[in-house]
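Contents: one structure, followed by commentary.
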Amino acid sequence: MAPHPGVNPDDSLWSWLAFDLRRYRECRGMTQLDVAKIINVTKQQVHNLESGIRKPNKSQTQLLDLAWDTGGHFTRLRKFAEAGHDPHWFRTFVQYEARAKIIKTYTLSVVHGLLQTPDYARALLVAGGLQNVDVAVEARMARQEVLAQAPDIWALINEAVLDQPVGGPAVMRAQLAHLLEFSRRPNAWVRVVPRRVGAHMGLDGSFTVISTRSETVTYLEAFGGGRLAQETAEVEEFALRFDRIGADAMSRADSRTLIEKAMEAMR
């Protein structure tokens, strides 16, 4: 049987799982609607599972194992997929980002990718040792096309981000000016977590919570990569974490004033 278009079972454990979902279904002569009834979702959601767009949760794999008498195949495969590294996690994240209705992001050390200027992004990518920087900058700017759809953007920024002269004073000044301009959009809530707060939950690292029309996921940043969390409990944990960090953040107006002061300091 040929793999589902875009899904190669040799790519990763998650791709293998998506491939097998379709394979097992078709071997049993079942439709996506039939499977939807087994795991209590819509036909479109089954399509997303088989396409690798969405990852099945533990309950769904258990229901399929029971219905198809697999001996625990899907639950076991999902367990190892979740524990391992998914080489395509960022591609999945960008797909969610492009469909976002609400984006809540907390950044510890740099401006979020959706709010970066080309020069700021380039400086970060060069410093990171990336070889094909031009392509990477172009891809990062392409991600910002989602902003044309005017999703609600809630951005919490650690104060240290404002005075780190990424790319030099001129580049950083332009980045801060862009951030200041963006903060005045009616669908933008940009707030700074001041240094005077001291220790807070955000010091553990940056993360982004994305809500589409049908679901919410969380992207957790880490050195050398990151991870996409889709389990409800973990997503809810980071949504709560965002609110708790935000409780210590400055108001939108005071945040703009601080950004302006940081711009002046870059001269």
Side-chain angles (χ1 to χ4, degrees), residues 1-104 143 146 149 151-152 207-220 226-242:
M1 179 182 294
H4 188 285
V7 176
N8 183 343
D10 294 326
D11 277 351
S12 69
L13 289 172
W14 285 115
S15 294
W16 180 13
L17 179 51
F19 173 76
D20 270 10
L21 285 172
R22 180 184 182 226
R23 178 177 177 274
Y24 274 59
R25 172 180 64 79
E26 292 185 340
C27 284
R28 286 161 176 75
M30 301 179 72
T31 66
Q32 290 182 338
L33 183 57
D34 293 331
V35 176
K37 293 176 181 178
I38 294 175
I39 60 176
N40 302 312
V41 298
T42 65
K43 177 183 175 182
Q44 180 60 46
Q45 287 173 307
V46 173
H47 169 78
N48 290 343
L49 292 173
E50 293 184 354
S51 301
I53 297 173
R54 177 71 178 170
K55 298 173 181 177
N57 60 39
K58 185 176 180 180
S59 175
Q60 291 167 344
T61 57
Q62 289 175 332
L63 287 170
L64 289 173
D65 284 333
L66 181 63
W68 292 343
D69 191 22
T70 68
H73 170 74
F74 287 106
T75 301
R76 189 176 301 109
L77 183 54
R78 182 192 174 280
K79 172 185 174 181
F80 287 109
E82 187 175 42
H85 173 63
D86 178 9
H88 303 300
W89 64 268
F90 192 71
R91 182 176 65 188
T92 305
F93 165 71
V94 171
Q95 291 173 341
Y96 278 108
E97 190 177 66
R99 297 184 286 117
K101 295 301 177 184
I102 303 173
I103 298 176
K104 294 184 177 181
R143 283 173 52 201
V146 68
Q149 303 172 26
D152 285 351
F207 62 92
T208 301
V209 180
I210 294 178
S211 297
T212 66
R213 288 187 182 277
S214 59
E215 54 194 314
T216 301
V217 300
T218 299
Y219 161 54
L220 313 175
R227 181 170 67 87
L228 189 65
Q230 295 176 296
E231 287 292 337
T232 301
E234 189 171 18
V235 171
E236 289 178 348
E237 176 187 339
F238 277 90
L240 180 59
R241 178 177 291 242
F242 182 89

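This is a predicted model, so every value here is computed, not measured.
Among all heavy-atom pairs drawn from Val217 and Val235, the shortest one is CA-CG2, 4.0 Å. The heavy-atom pair separating Pro56 from Trp14 by the smallest distance is CD-CZ3, 4.2 Å. A pairwise comparison of heavy atoms in Ala18 and Leu49 identifies CB-O, 3.4 Å as the closest pair. The two residues Gly71 and Arg76 make their nearest non-hydrogen contact at O-NH2, 3.0 Å. In plain terms, the two heavy atoms of Trp16 and Leu77 that are nearest each other are CE3-CD1, 3.4 Å. The two atoms that bring Val46 and Gln32 nearest to each other are CG2-O, 3.6 Å, heavy atoms only.
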Test side-chain contact (heavy atoms from CB on, under 4.5 Å) on Phe93 and Arg227 and set out the steps.
CA-CA 9 Å; Phe93 165 71; Arg227 181 170 67 87; over 6 Å; no
Under the criterion side-chain contact (heavy atoms from CB on, under 4.5 Å), I'd like the reasoning laid out for Glu215 against Thr212: C-alpha separation, chi angles, the key distance, then a yes or no.
CA-CA 5 Å; Glu215 54 194 314; Thr212 66; 3.6 Å; yes
Where do Glu234 and Arg241 land on the salt bridge (Lys or Arg N to Asp or Glu O under 4.0 Å) test, with the steps shown first?
CA-CA 11 Å; Glu234 189 171 18; Arg241 178 177 291 242; over 6 Å; no
Evaluate Lys104 against Thr208 for side-chain contact (heavy atoms from CB on, under 4.5 Å), listing each step before the verdict.
CA-CA 6 Å; Lys104 294 184 177 181; Thr208 301; over 6 Å; no
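The closest side-chain donor-acceptor pair between His73 and Asp20 falls under 3.5 angstrom. Between the side chains of Gln45 and Thr42, at least one donor-acceptor pair of N or O atoms lies under 3.5 Å. Between the side chains of Thr31 and Asp34, at least one donor N or O sits under 3.5 Å from an acceptor N or O.
At least one donor-acceptor pair closer than 3.5 Å links the side chain of Arg28 to the backbone N or O of Tyr24. Under the 3.5 Å distance criterion, the side-chain polar atoms of Thr70 are matched with a main-chain donor or acceptor of Gly72. The backbone N or O of Phe74 sits less than 3.5 Å from a side-chain atom of Asp65, completing a donor-acceptor pair. Panel note: side chain Arg25, backbone Met30; a donor-acceptor pair is recorded below 3.5 Å.
Annotation: the span from Ile103 atom CD1 to Ser211 atom OG amounts to 9.5 Å, rounded to 0.5 Å. The CG atom of Asp152 lies 10.5 Å from the NZ atom of Lys101; values are rounded to the nearest 0.5 Å. One finds the CG atom of Asn57 at 9.0 Å from the CD atom of Gln62 (value rounded to the nearest 0.5 Å). In this structure, Glu50 CD and Leu21 CG are separated by 6.5 Å, a value rounded to the nearest 0.5 Å. To the nearest 0.5 Å, atom CD1 of residue Ile38 and atom CG of residue Leu64 are 6.0 Å apart. For the atom pair Leu63 CG and Asn40 CG, the distance stands at 6.5 Å (nearest 0.5 Å).
Residues Glu236 and Thr218 fail the side-chain proximity criterion, which asks for heavy atoms closer than 4.5 Å.
A perpendicular orientation is assigned to the rings of Phe242 and Phe207, their planes being inclined by more than 60° (bins at 30° and 60°).
Using a cut-off of 4.0 Å between Lys/Arg side-chain N and Asp/Glu carboxylate O, Lys58 and Glu231 are scored as not salt-bridged.
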